[in-house]
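Proteins get letters first, then strands, A, B, ... in listed order; numbering begins at 1 in each. We use all heavy atoms of the structure for the numbers below, so side chains are in, but hydrogens, waters and symmetry mates are not. Please read all numbers here as calculations on a predicted model, not as lab measurements.
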Amino acid sequence: MPELPEVETIRRHLAPHVEGRVLERLEVLDERWCRPLTPRQLADATDGRRVERLSRRGKYLVFELSDEVFLLVHLRMTGTLLLGPGARPAHARVLFTLDDGHELVFVDPRRFGTGELALGAEARDAFLAARLGVEPLGDAFTTTHLRALARGVRAPIKGFLLDQKRIAGVGNIYADEALFRARIHPLRPAGKLKPAQLDALRAAVVVSLEAGIAAKGATIDDFRDPYGVQGSFQDQFLVHTRAGEPCPNCGTHIVKIRAAGRGTYYCPKCQPAPRVRRARAPQAAAARPVSSPARSARTSSW
DNA sequence: CGCCCTGTTGGGGA
DNA sequence: ATCCCCAACAGGGC
């Protein structure tokens with residue numbers, strides 16, 4: 001999972017293994033991973049350089065190599081970084097060979113993951129600044145900051161939370177979890193939330209992310225396992241992927257809709273709808289399950 | 001077996 | 001400013 005907790009967990013567990021090691025060889029098996037660069041160009045820029053630091057910004061893992069060469073890795077939907085050596089997993093896309101005999105394998109069945117190169121801290125910062133907003137687990141993510149971000153925004157809060165350019169690192173699961181904790185309906189216009197609601201949401205985002213990090217940190221303790229660890233992480237979800245199940249607060253059935261193009265789960269009682277919505281078509285007045293074939297009921301018209 | 005839908009993300013076009 | 005579509009693939013339902 002490329003959401004912040006996963007990336008954060010990988011960073012924490014992986015950093016001690018890779019920092020200070022020399023990256024002897026970067027072998028890109030799927031050229032799509034580093035486009036528009038060729039695997040050759042990427043390897044020329046990275047091979048033989050030391051990994052000074054492994055850090056994170058939003059959902060990007062940042063490998064800082066010597067001479068201010070930065071490799072920016074994004075896991076997207078299905079990417080994983082495994083520490084070997086071990087049996088070669090299916091869907092291995094990139095091999096990092098380290099000078100101590102370890103190797104990192106980037107595994108990605110769906111091939112959405114990316115690796116980008118930035119030469120110099122300035123280029124790195126420009127790349128990240130163009131894509132990412134405030135770090136939700138940093139000091140800058142204050143109630144004042146969130147209120148300022150939301151001011152005047154008419155789009156639904158769900159999409160607002162998913163916009164990495166506003167808040168960096170909140171993914172689909174954690175957006176749902178945070179909205180549930182803050183008791184806010186996912187389709188409420190961000191700019192119409194009361195200050196107290198935004199304050200609650202700010203806290204809920206932090207709690208949700210930290211809960212995910214704690215759960216994953218507890219299940220993954222050995223990155224030498226080339227197949228990773230199958231934890232029961234999703235058991236802790238409060239509402240996400242729990243359509244039809246009882247709300248942990250009130251027992252009402254969790255509902256699934258589509259918001260910002262993503263499956264969105266919420267409790268219709270704990271997270272009351274903003275208002276009676278204007279229907280574009282007579283039968284499109286209420287939030288309907290996404291399983292309905294009537295795709296014309298888009299959230300954008302609400 | 002095949003078809004259709006879904007999905008932990010983000011960029012580009014509309 | 002905002003939203004839909006798409007990238008590429010696996011897995012499940014029918």
### Query
So what does the secondary structure string of DNA chain B come out as, 5' to 3', with Watson-Crick or wobble pairs under 3.5 angstrom, [ ] for crossing and | for pairs with another strand?
.||||||.||||||
The side chain of [X] is closest to which nucleotide in this list: [options]?
X	options	answer
A/His91	C/dA10, B/dT9, C/dC3	C/dA10
A/Arg154	C/dA10, C/dT2, C/dA7	C/dT2
A/Gln164	B/dG10, C/dA10, B/dT6	B/dG10

### Query
So which one's nearest nucleotide on DNA chain C is more toward 5', A/Arg35 or A/Ala155?
A/Ala155
### Query
For A/Val153 and A/Arg111, take the nucleotide of DNA chain C holding the closest heavy atom to each; which residue's nucleotide lies nearer the 5' end?
A/Val153
### A/Val170 side chain reached by A/Leu4 side chain, heavy atoms, under 4.5 Å
no
### Query
Got A/Leu98 and A/Leu23 here, is their nearest side-chain heavy-atom distance under 4.5 Å?
yes
### Task
Measure from the ring centre of A/Phe112 to the centre of the six-membered ring in the base of B/dG10, then say whether that distance is under 5.5 Å and the planes meet at under 30°.
no
#### Entry: Separation of C/dA7 P from A/Asp30 CG (nearest whole Å)
16 Å
#### Entry: Rounded distance (Å) that lies between atom P of B/dG7 and atom CG of A/Leu162
13 Å
### Query
Is the A/Tyr60-A/Phe127 ring centre distance short of 6.0 angstrom?
yes
### Task
Have a look at A/Arg262 and say if it touches a base, only the backbone sugar-phosphate, or nothing, with a 4.0 Å heavy-atom cut-off.
base
### Message
If you compare all heavy atoms of A/Ala190 against all heavy atoms of A/Leu198, which two are closest, and at what distance to 0.1 Å?
### Response
O-CD2, 4.5 Å
### Task
Measure across A/Glu177 and A/Gln236 and return the closest heavy-atom pair with its distance rounded to 0.1 Å.
OE1-O, 4.2 Å
### Query
Thinking salt bridges, do A/Asp99 and A/Arg21 make one under a 4.0 Å N-O criterion?
yes
